[in-house]
Engineer: 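One structure follows; several queries about it will come next.
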Protein chains: 2
Amino acid sequence: MLNRHTVERLVIYNRVLKDLAKKNVKWATSEKIAEILFRSPAQVRKDLSFLGKKGKPGVGYNIRSLIGELDSTLGLRKTWGVALIGAGNLGRALFHYPGFKREGFEFRAIFDNNSSKIGRRWGDITVTPITSLNSVVRKRKINIAVMTVPDYAAQEVADKLTAAGLKELLNFAPVTLNVADNVNVRYADLALELENLSYNLNHRALK
Amino acid sequence: MLNRHTVERLVIYNRVLKDLAKKNVKWATSEKIAEILFRSPAQVRKDLSFLGKKGKPGVGYNIRSLIGELDSTLGLRKTWGVALIGAGNLGRALFHYPGFKREGFEFRAIFDNNSSKIGRRWGDITVTPITSLNSVVRKRKINIAVMTVPDYAAQEVADKLTAAGLKELLNFAPVTLNVADNVNVRYADLALELENLSYNLNHRALK
DNA sequence: CACATATTGTGAAATATTTCACAAATAATA
DNA sequence: TATTATTTGTGAAATATTTCACAATATGTG
Ligand SMILES: NC(=O)c1ccc[n+]([C@@H]2O[C@H](COP(=O)([O-])OP(=O)(O)OC[C@H]3O[C@@H](n4cnc5c(N)ncnc54)[C@H](O)[C@@H]3O)[C@@H](O)[C@H]2O)c1
Ligand SMILES: NC(=O)c1ccc[n+]([C@@H]2O[C@H](COP(=O)([O-])OP(=O)(O)OC[C@H]3O[C@@H](n4cnc5c(N)ncnc54)[C@H](O)[C@@H]3O)[C@@H](O)[C@H]2O)c1
């Protein structure tokens with residue numbers, strides 16, 4: 001089991017390598033990869049060494065085979081079922097973004113608790129009442145929940161999702177969720193991203 | 001100048017404290033804050049100590065005054081000007097989200113390069129050709145750029161933004177940007193978030 | 001095949017980050 | 001006012017992460 005930071009870098013290496021592959025590059029050295037990502041070659045090598053030995057001394061890494069290894073390790077060979085919770089503005093943008101499907105993440109359900117949304121069709125999926133969460137999660141093989149509900153609803157929704165057996169949550173609500181140890185939450189907290197930038201701005205101004 | 005990790009935690013403390021303040025809580029100990037965030041009290045204290053001494057031994061931190069201190073440090077007392085680059089699906093959701101304005105981030109311009117988008121009005125802002133970037137950035141006092149352009153356009157757009165003098169970018173395109181040292185880029189790479197979850201799923205499956 | 005060149009994989013060293021642990025400070029109680 | 005119960009702020013210790021540095025390995029060349 002790799003640590004969180006390593007996995008976060010692996011997904012980025014994978015992205016960079018796929019980009020190079022698209023440009024028909026066949027081999028990459030740790031130095032080349034590090035340069036693109038502003039990291040050290042040693043770190044790239046150490047991270048990649050967790051995949052089993054794939055590099056060739058004197059040459060570097062074969063991009064195609066490395067991508068294969070990364071895809072396997074990261075679980076990107078499979079297609080995962082995703083449920084969207086909260087059929088609002090952000091949810092709509094995410095749902096219609098084609099990139100997720102391409103990477104193996106398939107929206108298979110949309111939940112809301114507002115009767116004005118329930119029953120609407122988005123593409124070929126109908127917005128479903130959140131009360132039918134448990135059965136739909138089972139029937140449509142949902143693995144991941146993407147939460148785009150308002151802040152005040154987020155904890156309650158997280159409780160329902162975990163009760164339905166979901167263990168992987170991507171939360172866009174600006175709230176820290178309290179979940180059991182065996183549940184993973186990732187936060188996509190966009191306001192906090194801006195606040196990090198504003199710290200920099202503020203600090204520049206003070207100099 | 002605080003390090004990146006500390007700032008990332010400070011913005012979260014601020015969020016938690018504002019939440020407590022809303023519930024009319026007046027004081028919080030490092031232990032209480034740590035508990036909410038699944039962190040250690042020592043880390044909370046050390047982080048907060050960078051703000052100047054604010055805690056009272058035996059009592060904890062006065063929430064209102066701590067929020068004030070955090071807002072100052074993080075630059076949240078001011079209103080910052082934000083430009084949206086890419087008037088697409090994701091851009092629309094972000095633009096219409098009222099939470100940013102509330103936290104001091106005000107969209108003051110929308111840029112696109114597609115003539116079918118240019119001239120449209122979103123709220124009280126008109127989509128502007130990207131060619132007028134430089135003058136608009138100056139006139140409307142833009143501090144931050146939020147990039148919601150396609151991956152293939154992202155580097156080119158980043159180059160234009162930095163040439164226009166912008167130094168704080170929030171990038172949603174799934175691309176690592178190559179920018180000068182004095183430019184800050186934060187990545188909101190939503191597909192990578194899902195890939196991190198899929199690593200966990202995959203690993204659970206293997207156990 | 002010997003030699004030169006390039007680059008990996010990885011322990012050991014160097015840095016960075018987090019936690020510990022306790023003196024100092026505050027408040028409550030008697 | 002003295003005593004007790006808390007909790008801060010922070011050096012020092014403990015962990016964690018990153019980088020260094022070099023032996024081992026692959027390739028190319030004459
Ligand atoms: N829109 C953005 O660009 C943006 C940016 C940053 C953060 N966010 C955060 O993302 C979340 C969604 O934002 P949005 O703009 O899409 O909001 P929205 O109001 O457009 O959508 C929220 C949806 O959740 C549904 N909902 C409410 N309570 C529910 C419940 N208990 N169970 C199921 N569904 C429920 C609502 O009916 C609505 O359809 C919010 O937490 C917001 O703070 C959004
Ligand atoms: N929509 C999502 O939920 C989502 C999710 C994850 C990542 N993303 C990423 O966010 C970005 C935007 O996604 P989207 O769904 O909004 O795409 P979109 O196609 O709806 O919008 C992109 C907009 O950028 C404009 N544009 C293109 N080139 C430009 C240029 N050189 N200068 C200025 N404007 C330009 C286009 O005209 C368009 O209006 C993409 O990089 C995408 O990969 C989006």
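Note: hydrogens, waters and symmetry copies are ignored here, and every other heavy atom, side chains too, is used. In the text below, chain A, chain B and the rest are named by the order of the sequence lines, each starting its count at 1.
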Engineer: Would you indicate which nucleotide in D:dA26, D:dT8, C:dT8 comes nearest to any side-chain atom of A:Lys56?
Structural biologist: D:dA26
Engineer: For a quick check of understanding: with a heavy-atom distance under 4.0 Å over all strands, which category does B:Lys32 fall into, base, sugar-phosphate or nothing?
Structural biologist: nothing
Engineer: Looking at A:Arg186 and A:Glu8, is there a salt bridge between them, counting it only when a charged N and a carboxylate O are closer than 4.0 Å?
Structural biologist: yes
Engineer: So, taking the atom named CG in A:Leu10 and the one named CG in B:Asn196, what distance separates them when rounded to the nearest 0.5 Å?
Structural biologist: 9.0 Å
Engineer: What nucleotide, of C:dT8, D:dT19, C:dA27, holds the atom closest to the side chain of A:Ala42?
Structural biologist: D:dT19
Engineer: Without decimals, in angstroms, what is the distance between A:Lys54 NZ and D:dT25 P?
Structural biologist: 17 Å
Engineer: Check whether any side-chain nitrogen or oxygen of B:Thr29 sits under 4.0 Å from OP1 or OP2 of D:dT7, and answer yes or no.
Structural biologist: no
Engineer: Considering only side-chain heavy atoms of A:Arg45, which listed nucleotide, C:dA27, D:dT8, C:dT10, is closest?
Structural biologist: C:dT10
Engineer: Specify the separation, in whole Å, of atom CG of A:Leu37 and atom C1' of D:dT19.
Structural biologist: 17 Å
Engineer: Using a 3.5 Å cut-off and no angle test, enumerate the donor-acceptor pairs between side-chain atoms of residues 149-156 of chain B and protein atoms at least two apart in sequence or in another chain.
Structural biologist:
{"residue": "B:Gln155", "atom": "OE1", "partner": "B:Asn178", "partner atom": "N", "Å": "2.9"}
{"residue": "B:Gln155", "atom": "NE2", "partner": "B:Asp159", "partner atom": "OD1", "Å": "2.9"}
{"residue": "B:Gln155", "atom": "NE2", "partner": "B:Asn178", "partner atom": "O", "Å": "3.0"}
{"residue": "B:Glu156", "atom": "OE2", "partner": "B:Lys160", "partner atom": "NZ", "Å": "3.1"}

Engineer: Return the CD to OG distance between B:Glu168 and A:Ser198, rounded to the nearest 0.5 Å.
Structural biologist: 9.0 Å
Engineer: Between B:Asp19 and B:Lys23 (salt bridge meaning N to carboxylate O under 4.0 Å), is one present in this structure?
Structural biologist: yes
Engineer: Report yes if at least one side-chain N or O of B:Tyr61 is closer than 4.0 Å to OP1 or OP2 of C:dT26; otherwise report no.
Structural biologist: no
Engineer: Measure the NZ-CG distance between A:Lys78 and B:Asn202 for me, rounded to the nearest 0.5 Å.
Structural biologist: 4.0 Å
Engineer: Using a cutoff of under 3.5 Å, can you pull out all pairs of nitrogen or oxygen atoms linking the protein to nucleotides 14-18 of chain D, with atom names and distances?
Structural biologist:
{"residue": "D:dT18", "atom": "OP1", "partner": "A:Arg9", "partner atom": "NH1", "Å": "3.2"}
{"residue": "D:dT18", "atom": "OP2", "partner": "A:Arg9", "partner atom": "NH1", "Å": "3.2"}
{"residue": "D:dT18", "atom": "OP2", "partner": "A:Arg9", "partner atom": "NH2", "Å": "3.1"}
{"residue": "D:dT18", "atom": "OP2", "partner": "A:Gln43", "partner atom": "NE2", "Å": "3.1"}
{"residue": "D:dT18", "atom": "O5'", "partner": "A:Gln43", "partner atom": "NE2", "Å": "3.2"}

Engineer: Measure from OH on A:Tyr13 to P on C:dT8 and round the result to the nearest Å.
Structural biologist: 12 Å
